[in-house]
Visitor: 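Below is the structure I would like to discuss, written out as structure tokens.
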Amino acid sequence: MFSNMFPLAAGQFGALPIMPVQAMTQQATRHARRVYVGGLPPTANEQSVATFFSHVMYAIGGNTAGPGDAVVNVYINHEKKFAFVEMRSVEEASNAMALDGVIFEGGPVKVRRPSDYNPSLAATLGPSQPSPNLNLAAVGLTPGSSGGLEGPDRIFVGGLPYYFTESQIRELLESFGQLRGFDLVKDRETGNSKGYAFCVYQDVSVTDIACAALNGIKMGDKTLTVRRANQGTTQPNPEQESVLLHAQQQIALQRFMLQPGALATKVLCLTEVVSVDELKDDDDYQDILEDMRIECGKFGALLNVVIPRPNPNGEPTPGLGKVFLEYADVDSSSKARQGLNGRKFGGNQVIAVFYPENKFSEGDYEV
């Protein structure tokens, strides 16, 4: 019985168990086959991380060790929201390094080498840099022809409802300034939106303002996640607060336009047309009303112009600073919106959005 349990030849008694060559190779290369993944959401688990990284590795053409999944093991530290993802080969781990910033469950994650990575030793085990032929565009990491989407001011915009068009998203983002680059990530096979995008502003000083104003905004059945793609959430500095407040008011207007199934109405709401100070004097106010009737009546039959005025007692006035135009038909209001939205007025860019007819008829100008 003992000879069957320990089939050792003479002279081998007491010898240490011999580790298979494959196991020794795996142990020696582990530091070069693991990648650190940081910034994981609380919902992440070993299976979801393994499935995701196996999928994206296949999508970018990063698998070099034959058919099957590239990921062989995942360890998650839930408290600190990071994971170690072990690949089956050194080359595949190096290819995975190109996935830094990839979107996992609605947000970008960091992909780095682990702290025990030994560059000099790893160089003898296989390629230490990602292949230059990876199709990173398949997972939204290469903006392609959009251009200008690299660097610290690159913004991630997640949680976009799938029915949003590129023009609608751009219009929302451009409330804060001209874009230098924009990329709505789409499914490679269907061409449909994947619900997230990247952008960079021409004037990078508005980056934090746009992120703070847009992040957390409800859009239809979704909540936007907007932040610098390569950093955590940043807050605007104190001197930006007034600009941020103004930006949030503009976003409230944009939301009417971007709701699911939103249709053109007979009523338009304009912002960036009048200043509060202009509305205090009775004569100035009447002049503004008359100018609006003449200018906005060029697009069709204009039934009514409402411009809320500031309260003498200083109490807040709903819709203050906005102009409401009621047309006889939707065709006229649509022409007016097309003609007025984006027009420069007193150095400011006019924003024109359709306003709910029922709210207008009830005298509800709260936006």
Side-chain angles (χ1 to χ4, degrees), residues 160-175 213-214 216-224 245-276 278-279 285-311 315-346 348-367:
L160 292 167
Y162 299 115
Y163 47 77
F164 274 23
T165 64
E166 286 193 44
S167 60
Q168 285 179 316
I169 299 167
R170 287 189 71 107
E171 190 166 356
L172 176 65
L173 296 171
E174 287 173 347
S175 299
L214 288 167
I217 289 286
K218 292 281 187 182
M219 286 292 182
D221 57 345
K222 300 280 188 177
T223 301
L224 295 187
L245 178 61
H246 177 68
Q248 288 173 326
Q249 292 172 345
Q250 290 193 1
I251 293 303
L253 286 172
Q254 294 282 354
R255 291 172 65 185
F256 284 120
M257 181 177 60
L258 298 176
Q259 292 300 317
L263 299 175
T265 67
K266 299 176 185 177
V267 182
L268 279 187
C269 176
L270 309 181
T271 187
E272 297 299 328
V273 179
V274 296
S275 69
V276 175
E278 293 175 321
L279 304 175
Y285 181 75
Q286 291 303 322
D287 288 343
I288 293 171
L289 272 177
E290 187 59 28
D291 288 344
M292 284 292 165
R293 289 193 183 100
I294 295 172
E295 185 64 26
C296 300
K298 295 177 181 178
F299 302 101
L302 183 61
L303 301 181
N304 197 8
V305 178
V306 175
I307 307 177
R309 299 183 70 180
N311 261 320
E315 291 181 5
T317 302
L320 184 62
K322 312 297 185 296
V323 175
F324 297 88
L325 308 172
E326 183 185 17
Y327 285 89
D329 50 63
V330 172
D331 184 55
S332 297
S333 64
S334 297
K335 288 178 181 177
R337 184 185 178 277
Q338 186 175 3
L340 295 170
N341 190 55
R343 178 187 290 187
K344 290 287 186 178
F345 187 88
N348 296 320
Q349 190 174 30
V350 176
I351 296 176
V353 297
F354 294 114
Y355 196 77
E357 292 175 16
N358 60 329
K359 292 187 67 172
F360 180 79
S361 64
E362 294 168 1
D364 182 358
Y365 308 126
E366 188 69 60
V367 293

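Residues take their numbers from the sequence shown, with the count starting at 1.
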Visitor: To the nearest 0.5 Å, how far apart are CD in Gln168 and CG in Leu173?
Guide: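 Answer for the CD-CG pair, Gln168 versus Leu173, is 12.0 Å.
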
Visitor: With the threshold set at 4.0 Å, does a side-chain nitrogen-carboxylate oxygen contact exist between Glu290 and Arg293?
Guide: yes

Visitor: Quick one: closest heavy-atom pair of Pro308 and Val306, and the distance?
Guide: CD-O, 3.8 Å

Visitor: Once rounded to the nearest 0.5 Å, what's the spacing between atom SG of Cys269 and atom CZ of Phe354?
Guide: 12.0 Å

Visitor: Taking the side chain as everything from C-beta on, heavy atoms only, tell me whether Pro310 gets closer than 4.5 Å to Leu320.
Guide: yes

Visitor: Would you call Ser333 and Leu325 a side-chain contact if the rule is heavy atoms closer than 4.5 Å?
Guide: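 Of all side-chain heavy-atom pairs linking Leu325 with Ser333, none is under 4.5 Å.
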
Visitor: Just do the salt bridge (Lys or Arg N to Asp or Glu O under 4.0 Å) check on Arg337 and Glu171 with the steps written out, would you?
Guide: CA-CA 13 Å; Arg337 184 185 178 277; Glu171 190 166 356; 2.8 Å; yes

Visitor: To the nearest 0.5 Å, how far apart are CG in Asp291 and CD1 in Ile288?
Guide: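 Going from CG on Asp291 over to CD1 on Ile288, the span is 7.5 Å.
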
Visitor: Which value, rounded to the nearest 0.5 Å, describes the distance between Ser361 atom OG and Lys266 atom NZ?
Guide: 11.0 Å

Visitor: With a 4.5 Å heavy-atom cut-off, do Val323 and Met292 have their side chains touching?
Guide: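 Yes, close enough: below the 4.5 Å cut-off.
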
Visitor: Can you confirm whether Leu160 sits close enough to Leu224 that some side-chain heavy atom of one is under 4.5 Å from a side-chain heavy atom of the other?
Guide: yes

Visitor: Do Glu278 side-chain atoms and Ser275 backbone N/O form a donor-acceptor pair below 3.5 Å?
Guide: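 Pair found, side chain donor or acceptor close to backbone of Ser275.
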
Visitor: With sequence neighbours left out, what residues match Ala328 under side chain to side chain contact (heavy atoms under 4.5 Å, CB included)?
Guide: Ala301, Leu303

Visitor: Closest heavy-atom contact between Ala336 and Phe299?
Guide: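 Heavy atoms of Ala336 and Phe299 come nearest at CA-CG, 3.5 Å.
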
Visitor: Rounded to the nearest 0.5 Å, how far does CZ of Phe360 lie from OH of Tyr365?
Guide: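 Answer for the OH-CZ pair, Tyr365 versus Phe360, is 5.0 Å.
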
Visitor: Give me the atom names and distance for the closest heavy-atom approach of Leu302 to Cys296.
Guide: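 Leu302 and Cys296 have their closest heavy atoms at CD2-CB, 4.0 Å.
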
Visitor: Please examine the side chains of Lys322 and Leu270, heavy atoms only from C-beta on, and report whether any two atoms are closer than 4.5 Å.
Guide: no

Visitor: Should we count CD of Gln338 as having more than 12 external heavy atoms under 6.0 Å?
Guide: no

Visitor: With rounding to the nearest 0.5 Å, note down the distance linking CG in Leu268 to OG in Ser332.
Guide: 10.0 Å

Visitor: Between Tyr285 and Ile307 (side chain of the first, backbone of the second, donor and acceptor by atom type, cut-off under 3.5 Å), is there such a pair?
Guide: yes

Visitor: Could you work out, with side chain to side chain contact (heavy atoms under 4.5 Å, CB included) as the rule, every residue matching Asn358, not counting sequence neighbours?
Guide: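 Here the qualifying residues are Pro356.
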
